[in-house]
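For reference, the structure discussed in these notes is given below.
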Amino acid sequence: MKSRRIFILLGHPDNDSFNFTLADEYERGAQEAGHEVRRMNLGDMQFDRVLRHGYRSIQEPWAGILSLPKKWRLV
């Protein structure tokens, strides 16, 4: 099987959740299968989750997203 590049974005803020466990197991399985895995847990990041000004102004990207390699970024 061809090796894949997989990005896991865990959106649940609680590291003691079923979603966290699913992400852990998926990551482990993908790595064991020889795939390159990148993962970000939103609960571990320091960013403002609230769009305080609605769509009236641009909210600057948080530091966590800027730590991603450029090829993985959406902004």
Side-chain angles (χ1 to χ4, degrees):
M1 178 191 309
K2 182 180 175 186
S3 178
R4 305 275 181 187
R5 291 181 7 188
I6 299 170
F7 178 67
I8 301 170
L9 176 62
L10 178 60
H12 198 286
D14 186 2
N15 289 349
D16 189 26
S17 69
F18 181 67
N19 292 332
F20 189 86
T21 302
L22 284 176
D24 274 350
E25 291 302 309
Y26 185 84
E27 180 179 19
R28 184 183 55 76
Q31 287 173 337
E32 287 177 359
H35 302 295
E36 176 187 346
V37 180
R38 305 283 179 162
R39 178 173 168 176
M40 292 183 77
N41 298 333
L42 290 183
D44 295 342
M45 295 180 199
Q46 301 288 324
F47 76 100
D48 186 1
R49 294 176 179 92
V50 179
L51 192 56
R52 297 192 187 282
H53 302 288
Y55 294 101
R56 293 184 303 264
S57 65
I58 296 173
Q59 187 168 340
E60 293 299 317
W62 63 95
I65 196 73
L66 298 177
S67 68
L68 278 174
K70 226 175 182 129
K71 63 185 174 188
W72 291 82
R73 292 186 204 167
L74 301 176
V75 292

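- In this structure, the separation between CD1 on Ile8 and CZ on Arg38 is 12.0 Å, given to the nearest 0.5 Å.
- No more than 12 heavy atoms of other residues, nucleotides or ligands sit less than 6.0 Å from atom CG of Asp16.
- Proximity of Leu10 to Phe20: side-chain heavy atoms (C-beta onward) are separated by under 4.5 Å at one or more points.
- The two residues Ser3 and Gly34 come nearest to each other via the heavy atoms OG-O, 3.0 Å.
- Once rounded to the nearest 0.5 Å, the distance linking CD of Glu32 with CD of Glu27 reads 11.0 Å.
- Considering all non-hydrogen atoms of both residues, Arg4 and His35 come closest at N-ND1, 2.8 Å.
- Phe7 and Leu42 fall within the same hydrophobic cluster, defined by Ile, Leu, Val, Met, Phe, Trp and Tyr side-chain heavy atoms under 4.5 Å apart, directly or through other members.
- Between Asp24 and Arg39 the shortest side-chain heavy-atom distance falls below 4.5 Å.
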